[in-house]
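Every chain is numbered from 1 and lettered A, B, ... according to where its sequence line falls, protein lines coming before strand lines.
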4 protein chains.
Amino acid sequence: MSVPHFEPVRLVSKWTLPSDPMTDQSRPGRKRSEQSRLAILAATLDLVAEAGYGTLTVEGIAARSGVGKQTIYRWWPSKADVLLDALATKADLFVPIPDEGTFRADLAGFLGSTFELGEKAQVADTLRALMAQAQIDPDFGKRFREDFLNRRREALGTIVERARERDELPAEVSSRTVIDVVFGTLWYRLLATREPIGRDLAGELVALLADHGASTAEIR
Amino acid sequence: MSVPHFEPVRLVSKWTLPSDPMTDQSRPGRKRSEQSRLAILAATLDLVAEAGYGTLTVEGIAARSGVGKQTIYRWWPSKADVLLDALATKADLFVPIPDEGTFRADLAGFLGSTFELGEKAQVADTLRALMAQAQIDPDFGKRFREDFLNRRREALGTIVERARERDELPAEVSSRTVIDVVFGTLWYRLLATREPIGRDLAGELVALLADHGASTAEIR
Amino acid sequence: MSVPHFEPVRLVSKWTLPSDPMTDQSRPGRKRSEQSRLAILAATLDLVAEAGYGTLTVEGIAARSGVGKQTIYRWWPSKADVLLDALATKADLFVPIPDEGTFRADLAGFLGSTFELGEKAQVADTLRALMAQAQIDPDFGKRFREDFLNRRREALGTIVERARERDELPAEVSSRTVIDVVFGTLWYRLLATREPIGRDLAGELVALLADHGASTAEIR
Amino acid sequence: MSVPHFEPVRLVSKWTLPSDPMTDQSRPGRKRSEQSRLAILAATLDLVAEAGYGTLTVEGIAARSGVGKQTIYRWWPSKADVLLDALATKADLFVPIPDEGTFRADLAGFLGSTFELGEKAQVADTLRALMAQAQIDPDFGKRFREDFLNRRREALGTIVERARERDELPAEVSSRTVIDVVFGTLWYRLLATREPIGRDLAGELVALLADHGASTAEIR
DNA sequence: TGATAAACGAGACGGTACGTCTGGTCTTCAC
DNA sequence: GTGAAGACCAGACGTACCGTCTCGTTTATCA
């Protein structure tokens with residue numbers, strides 16, 4: 001069994017890339033204020049925690065952070081992007097990709113670190129709001145899928161592909177569907193039942209997805 | 001093998017119950033206008049179909065349906081409730097509960113009729129918007145869960161319980177989780193990947209959830 | 001010097017004439033409810049006294065008097081007419097026309113009974129509101145002038161004409177202008193300066209209008 | 001006989017004082033738009049001229065002037081204040097204070113320039129509406145009295161005080177009452193009889209108020 | 001060291017929709 | 001047929017935010 005290997009998936013804000021005026025020193029003019037940027041992100045998380053995403057406004061963020069509205073509009077295309085950026089900056093969205101040698105262990109590890117995130121109420125509330133906004137605002141939806149959802153899919157995809165090579169998965173179920181089942185169940189609990197995502201769910205999902213192949217293998 | 005039995009799950013609008021002034025003949029005063037009610041629901045679906053939920057406004061609904069704004073506010077607490085009502089009234093949200101004798105067949109039937117709904121782009125768009133709004137507006141969220149989501153869960157629950165009695169389900173996985181996995185996968189495809197929910201998904205879910213028991217049965 | 005003679009000017013509500021369904025017994029159907037009528041008028045005066053004419057609404061009158069809105073609209077063309085009716089019914093708007101033999105005494109008597117009215121704050125507030133509404137609503141303005149203002153003018157006109165015959169008025173000033181000066185000063189104090197109309201004003205007006213002729217007469 | 005001296009009474013809008021953001025250059029932020037301000041005032045006068053004060057709405061002013069409603073609410077407390085401002089800005093409300101040496105001539109001059117205003121139907125209609133609104137809205141009433149009515153009183157007061165020093169006024173009548181009689185008669189004709197205020201009224205008022213002292217002077 | 005350039009806090013701008021309120025009408029049941 | 005009840009269409013109210021647009025100021029680069 002190999003030593004656990006972690007390849008964290010970094011969620012880098014699209015709006016804080018190296019080509020930004022903030023870090024690009026070559027141009028004339030005042031540089032982007034890192035202080036304002038952090039104040040905006042902090043104010044955003046505060047406001048969502050206090051009153052929910054439904055009452056979050058750009059004006060409110062500007063007022064709370066002591067910043068002009070234009071400074072927000074200059075750097076983010078919508079308040080949902082600010083929130084996604086705040087989440088990526090403040091919360092720890094690193095997701096380790098374990099490599100324990102068995103699908104059972106890898107999935108349990110992946111789900112475990114995911115649960116830790118979901119158990120933080122503020123993170124869970126924010127994720128709900130972002131998924132909601134992604135439905136209502138198509139442009140943000142595209143960015144949310146590409147910058148967040150797909151990165152998580154790729155992380156789990158790595159695990160699933162390893163299991164597929166080890167023949168640990170039922171042949172009738174495509175890798176894509178395995179991923180959909182895992183994330184689908186997680187998101188459904190987050191969005192629909194709003195019940196805490198406990199450790200036992202990990203066991204059940206493992207039993208459903210991993211034990212299948214194991215049992216038929218044992219028959220042979 | 002028993003004759004297929006269907007127990008449709010009716011989605012009755014909370015706002016159109018028999019105790020409404022609309023149908024209650026005993027009170028004095030003008031009765032609720034059924035004509036206005038239908039015009040509002042039709043206009044709502046039209047507007048969502050034309051420009052999406054993001055641009056749906058109460059003012060727009062009132063203007064399109066030739067109704068005063070107050071008439072909308074009088075009967076529905078939010079525009080999302082109007083839309084949910086419109087969906088329940090106009091679209092066919094009846095969901096049969098098949099009873100074919102095997103989980104495999106029942107689940108396939110349930111998923112099949114669910115797919116039919118999801119394949120209608122207008123219905124899918126509306127469901128996305130409602131689930132989104134349920135995250136943003138907590139009050140509507142509660143109503144959406146109770147009036148819509150939980151009713152669907154109960155329908156599938158009936159099927160799952162029958163399968164449980166026939167010992168067709170893996171013992172390690174609770175009935176609740178089975179339901180979560182099914183709906184979770186459906187909603188995840190609707191909200192996150194936005195890929196059409198094809199018939200093959202039914203087969204995969206059946207394989208995952210139902211074949212498990214089958215394989216152990218074969219061992220015997 | 002003749003015995004004082006009083007010809008009171010009656011302000012009869014246009015909306016309570018003998019041909020009304022209220023008093024007309026010959027027509028079929030339920031008779032007009034005197035109870036409702038009085039409740040409406042009382043509620044109107046109460047509401048104006050409590051919160052002023054600016055916040056007076058037909059809905060408020062209906063609610064306070066326990067009457068349907070339609071009952072108000074059926075009998076009065078506007079809320080200002082209700083208020084005028086209420087004033088005429090509840091307050092004592094009788095104005096005696098004294099005939100003491102001199103303009104000085106007649107005018108003093110006329111102004112005295114007018115002052116008594118104006119000193120009642122509720123009556124003064126109502127008169128202000130009615131004059132205001134008469135400016136904004138042309139239809140009511142016409143009725144207000146005919147039913148109220150002109151009747152008062154005719155009363156004073158009688159006094160002035162008697163004085164004119166006795167040669168007690170300055171020849172350069174028409175009777176019409178005398179009337180305008182008297183009522184103008186009263187209304188201006190009511191509307192513009194809002195200062196109480198004291199007894200001394202009577203003396204000043206008498207000096208201005210009556211002593212003129214007297215002084216020149218005495219020279220001769 | 002002194003050379004005529006004119007001290008015009010300026011009606012400066014309370015809402016356009018030098019400390020306004022419009023003219024105050026020191027504060028940060030965008031300056032008040034003079035273009036919008038003028039468009040609002042022009043639209044207001046237009047709308048009152050077209051359909052009367054009764055149908056004047058803030059929405060209408062905003063639509064006609066191509067301005068956001070908030071811009072109106074930001075600078076004026078009510079639509080009546082907008083109208084008063086419009087009248088002060090667009091119409092010529094300057095009132096000269098003549099100093100001809102005799103009360104007779106000064107009053108005639110003052111009334112003459114006042115008549116000119118009252119003869120313009122649009123100005124007369126607006127004044128009626130403002131006086132009406134002053135009765136209905138106590139807050140505006142206070143402003144109307146202080147910003148408009150009292151300034152006119154002070155102008156006439158200057159004339160009256162000069163006449164008083166020259167002993168041209170009847171001793172029994174206070175200066176305040178003289179002013180009340182003049183403005184009262186003017187306003188009464190405007191509000192109650194709605195008859196045009198002709199030149200002959202000036203003669204009659206002069207005869208009433210000024211000739212009195214003259215006649216007694218002749219006795220001496 | 002001064003010119004140029006960009007970002008900043010501030011806040012006014014034209015808009016849009018909100019949810020409420022009132023007007024005046026219409027419909028229903030009870031008397 | 002009146003009267004209370006109350007739903008109806010209509011439309012203005014005053015507020016809240018939107019996203020944009022000046023402002024005067026601050027902070028940088030470059031000549």
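Map D:Gly60 and C:Ser65 each onto its nearest nucleotide of DNA chain F; the residue landing nearer the 5' end is C:Ser65. Across the interface with DNA chain E, nearest-nucleotide mapping of D:Ala62 and C:Thr57 shows D:Ala62 to be the residue nearer the 5′ end. Heavy-atom nearest nucleotides on DNA chain E were determined for A:Gly66 and for D:Lys69, and the one closer to the 5' end corresponds to A:Gly66. Remark on DNA chain F: of its neighbouring residues A:Val58 and D:Gly29, the 5'-side contact belongs to A:Val58, judged by nearest-heavy-atom nucleotide.
Proximity of a side-chain donor or acceptor of D:Thr71 to a complementary backbone N or O of D:Val67 within less than 3.5 Å is not detected. Here the side chain of C:Lys79 pairs a donor or acceptor atom with the backbone of C:Leu56 at under 3.5 angstrom.
The side chain of C:Arg74 sits closest to F:dT2 out of F:dT2, F:dC21, E:dG9. The D:Ser36 side chain lies nearest to E:dC13 when the options are E:dT22, F:dC8, E:dC13. Each of F:dC17, F:dC13, E:dA6 was ranked by its minimum atom distance to the side chain of A:Arg30; first place goes to E:dA6. Out of E:dA5, E:dG19, F:dT20, the shortest distance to the side chain of B:Tyr73 is found at E:dG19.
Counting to the nearest Å, the C1' atom of F:dA5 and the CZ atom of B:Arg32 are 18 Å from each other. Atom CZ of C:Arg37 is separated from atom P of F:dA4 by 14 Å (rounded to the nearest Å). Straight-line distance from the CD atom of C:Glu59 to the C1' atom of F:dA4: 14 Å, rounded to whole Å. As rounded to whole Å, 16 Å separates atom C1' of E:dC13 from atom CG of D:Leu38. Rounded to a whole Å, the CD atom of A:Gln35 is 11 Å from the P atom of F:dT27. Taking atom NZ on D:Lys79 and atom C1' on F:dG14, their separation rounds to 13 Å, with Å as the unit. Per the geometry, CD1 belonging to C:Ile72 stands 13 Å off C1' belonging to E:dT22, to the nearest Å. Rounded to an integer number of Å, the gap from CD1 of A:Ile61 to P of E:dC8 is 15 Å.
For the pair B:Arg37 and B:Trp75, the cation-pi criterion (under 6.0 Å, within 45° of the ring axis) is not fulfilled.
At the phosphate of E:dG14, OP1 or OP2 sits under 4.0 Å from a side-chain N or O atom of D:Thr71. Note on B:Trp75: a side-chain N or O is less than 4.0 Å away from OP1 or OP2 of F:dC8.
Donor-acceptor pairing under 3.5 Å, judged by distance alone, is absent between the side chain of A:Gln70 and the base of E:dC8.
Salt bridge absent: D:Glu59 and D:Arg64 never bring a charged side-chain N and a carboxylate O closer than 4.0 Å.
For the side chain to side chain contact (heavy atoms under 4.5 Å, CB included) with D:Ile72, the qualifying choice from D:Val82, D:Thr44, D:Asp81 is D:Val82, the only one to do so.
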